[in-house]
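Working notes for the structure below.
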Amino acid sequence: MLDIKLIREEPELVRKNLEKRKKPDYNKMLNDLITKDEAWRNIKIEVDALRQKRNQLTNSIKSLKKEGKTDQISQVLNEAKQIPDKIKNLEKKQLIIESERNSLLLTLPNLLHETVPYGEDDSGNMVEKTGGSKQSFSFTPRSHIDIVEGIKGADIERAAKTSGARFYFLMDELVQLEFAIIQHAIKLLTKRGYHLVVPPTLVKGKIMEGGGFLPTYRDDVYKIEDEDLFLVGTSEAPLVGMHANEILYQDDFPIRYAGFSTCFRTEAGAHGKDTKGIFRTHHFEKIEQISITNPENSWKEHDYLFETAEMFWQSLEIPYRKVNICTGDIGLVAAKKFDLEGWYPSQNAYRELVSTSNCTDFQARRLKIRFREKDGMPTKICHTLNSTVIAIQRGLTCILENNQKEDGSIKVPKVLQQYVDFKEITPKI
RNA sequence: GCCGAGGUGGCACAGCCUGGUACUGCGCGAGACUGGAAAUCUCGUGAGACUUCGGUCUCACAGGAGUUCAAAUCUCCUCCUCGGCGCCA
């Protein structure tokens, strides 16, 4: 959420930033918002004046009573009785216009950082670096879909029976690999100063709104019937919500969490995309990092989170690249976003494995996550950041493709071998 | 799920019965005193609107509704925390 004061004082600065996104709706929304806010302030002036009048009369009734001038009271009382209805009517108007204003405020996206490349869609994303080395295959590399089928790493047909499309039963060696990945990640993350967390995967509407998942991305998440609870699409939601309405101390920054949770996504609007295998599913496990810090350090922290993800993928020897996501592709919440894309030899393409966002004060303002520099000093709004470490199922697809051998077997990456009782996975008949 | 006790500023606590400007302490800030500091004293301390930048006004006691000229205080509803009982992986 943007600061309403900034919109009042520097509307043109906000407008220019919104224009980078090439969505004319935002311009209209901003105008609407400014009009609504002016109307709100006018009503407030009026209603404040009425309350002032009422308070004055109330006080004079009190002092007349004290002085025993009972004969004068009824006159003042009559005058005072006129006021509450007027206040009530105006308050009703004010409340309506305030909620209209606030819902506009909730729908406007974050301000983009100046280093975000300009572009209309994902073709405008900028590759900033590449890492790892692609191996040359002496055969045509199989797709992760075929590999998973070959090693019977997931039972997708039976999952269709129990749950429908885009579900899977993860099986045998892939289950072991999942836990190996988790162990490996925990080692790295604790060394890098993260608290480990298994958060709730059901989260209240207010918290989802605070994280920026609602109202804009309502269609992407599942809701529990008859309850104010949503299944999280990422543990970012509970982890950022964790400190809602709190006042933190600057000395504790950065507060870094590594969360492990199941994630649920409707994948609305993804019909026909990556329909097979375990690449894009309705539920998956993910290790996520989030960080809370002060505005001065958040850009440094953005690099730190990406570096953590990068170290993780380097340790698995996956060829990757770092991409700076452009203005047209970045989404509502982030002021700047890096993706880490992994190499998929069968597709001859890089695909997204990691997203690292600096959300600046956008989430923290909605969630009222504040901090003080020192005891007794005024509160300021924190910056929040998040980054994937690995979405396990998606990550597995990339690991499988890059470690395949001609006979269809899969080498287990070196760093994971200590956690499993096999060095390779062989195809099943 | 049932019974009981609670929820007041950043923190701690009073006020609630008997409606009438939210007490006090800690923390923090400014000033005074001092060679400097501590101690002490004075003033200030949240959110919002207006402002001629001197101030002015409104709101804020878990949330909501009601009674009233006036609600932290009275009435009703809801939520949350703690304790006890029940159920339970």
Side-chain angles (χ1 to χ4, degrees), chain A residues 1-11 33-102 104-106 198 200-210 224 226-230 238 241-253 255 262 292 294 361 364-382:
Chain A
M1 187 164 74
L2 301 181
D3 187 356
I4 185 78
K5 277 186 189 159
L6 182 74
I7 293 171
R8 278 176 200 152
E9 285 161 19
E10 310 256 15
L33 175 58
I34 291 169
T35 313
K36 291 257 156 66
D37 182 53
E38 269 166 17
W40 177 86
R41 283 186 288 164
N42 286 334
I43 294 175
K44 179 166 167 57
I45 292 167
E46 212 177 327
V47 84
D48 276 1
L50 276 171
R51 273 197 275 250
Q52 181 186 5
K53 182 76 183 161
R54 184 199 63 192
N55 290 347
Q56 283 166 353
L57 293 173
T58 289
N59 279 331
S60 66
I61 289 168
K62 187 184 134 194
S63 47
L64 284 173
K65 250 187 197 171
K66 216 185 242 172
E67 292 160 26
K69 297 178 180 167
T70 38
D71 48 324
Q72 290 173 38
I73 290 177
S74 65
Q75 196 190 333
V76 182
L77 209 60
N78 276 336
E79 198 182 343
K81 277 182 181 168
Q82 314 295 316
I83 297 178
D85 276 349
K86 288 185 197 165
I87 292 179
K88 230 171 248 181
N89 284 334
L90 275 175
E91 272 178 343
K92 234 180 250 169
K93 260 206 238 169
Q94 190 187 17
L95 214 67
I96 290 166
I97 214 156
E98 189 176 320
S99 79
E100 287 170 352
R101 183 194 73 178
N102 290 348
L104 280 168
L105 208 51
L106 279 176
V198 177
T201 46
L202 294 177
V203 162
K204 292 177 186 174
K206 263 276 165 226
I207 299 294
M208 292 294 278
E209 183 184 286
I224 303 294
D226 298 328
E227 299 210 47
D228 174 35
L229 285 173
F230 294 81
M242 207 171 160
H243 289 290
N245 298 313
E246 289 186 23
I247 296 170
L248 308 167
Y249 288 92
Q250 179 163 262
D251 290 349
D252 297 330
F253 289 156
I255 300 175
T262 305
I292 303 175
N294 53 346
D361 60 4
R365 180 170 295 108
R366 293 172 172 224
L367 289 163
K368 296 198 175 68
I369 309 174
R370 292 153 297 167
F371 74 99
R372 287 180 205 280
E373 283 164 20
K374 273 197 331 209
D375 250 352
M377 290 187 72
T379 60
K380 295 181 178 175
I381 297 174
C382 298

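Chain identifiers are assigned alphabetically (A, B, ...) following the order of the sequence lines, protein sequences preceding nucleic acid strands; residue numbering begins at 1 within each chain. Values in this document were obtained by computation on a predicted structure and should not be read as measured data.
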Separation of [N] [atom2] from [X] [atom1] (nearest whole Å):
X	N	atom1	atom2	value
A:E91	B:rC59	CD	C1'	10 Å
A:L95	B:rC59	CG	P	16 Å
A:E79	B:rU68	CD	C1'	17 Å
A:I247	B:rG27	CD1	C1'	13 Å
A:L50	B:rC50	CG	C1'	15 Å

In terms of the nearest nucleotide of RNA chain B, which residue is placed more toward the 5' end: A:R372 or A:I45?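 Per heavy-atom nearest nucleotide, the more 5' residue is A:R372.
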RNA chain B nearest-nucleotide lookup for A:Y249 and A:W40: closer to the 5′ end is A:Y249
Relative to its sugar, using the 90° cut-off around 0, the base of B:rG54 is syn
Does the side chain of [Y] come within less than 4.5 Å of [X]'s, by heavy atoms?
X	Y	answer
A:K65	A:I73	yes
A:E38	A:I34	yes
A:I7	A:L105	yes

Under 3.5 Å, which N/O atoms of the protein pair with N/O atoms of nucleotides 73-78 of chain B?
none

**Message:** Closer than 4.0 angstrom, basic N to acidic O: yes or no for A:K204 and A:D228?
**Reply:** no
Give each protein N/O atom lying under 3.5 Å from an N/O atom of nucleotides 16-20 of chain B, with the pair distance.
unit_1	atom_1	unit_2	atom_2	d
B:rG20	O2'	A:K62	NZ	3.1
B:rG20	O6	A:K65	NZ	2.7
B:rG20	N2	A:T58	O	3.2

Measuring only the [atom1] atom in each nucleotide, how far is [N] from [M]? A whole number of Å is fine.
N	M	atom1	value
B:rC87	B:rC2	C1'	11 Å
B:rA70	B:rC16	P	22 Å
B:rG10	B:rU75	P	28 Å

Next on the checklist: Quick one: does any side-chain atom of A:R366 pair with a main-chain N or O of A:L106 as donor and acceptor, under 3.5 Å?
Outcome noted: yes
- Message: From the set B:rG10, B:rC69, B:rU67, return the single nucleotide nearest to any side-chain atom of A:L77.
- Response: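 Shortest atom-to-atom distance from the side chain points to B:rC69.
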query: Which nucleotide in the set B:rC50, B:rG10, B:rC69 lies at the smallest distance from any side-chain heavy atom of A:R41?
result: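 Output: B:rC50.
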Paired runs of 3 or more consecutive Watson-Crick or G-U pairs involving RNA chain B, with both pairing distances under 3.5 Å, are B:1-7 with B:79-85, B:10-12 with B:24-26, B:27-32 with B:40-45, B:46-50 with B:55-59, B:62-66 with B:74-78
The side-chain contact (heavy atoms from CB on, under 4.5 Å) partners of A:Q82 (sequence neighbours excluded) come to none
Practice problem: Please determine if a side-chain N or O atom of A:K5 lies less than 4.0 Å away from the OP1 or OP2 oxygen of B:rG48. | Solution: yes
So the salt bridge (charged side-chain N to carboxylate O under 4.0 Å, His left out) pairs with at least one residue in residues 47-58 of chain A (sequence neighbours excluded) are A:K44-A:D48, A:D48-A:R51, A:R51-A:E91, A:K53-A:E79
Between the protein and nucleotides 54-58 of chain B, list every N/O to N/O distance that falls short of 3.5 Å.
unit_1	atom_1	unit_2	atom_2	d
B:rU58	OP1	A:N55	ND2	3.2
B:rU58	O3'	A:R51	NE	3.4
B:rU58	O2'	A:D48	OD1	2.9
B:rU58	O2'	A:R51	NE	3.3

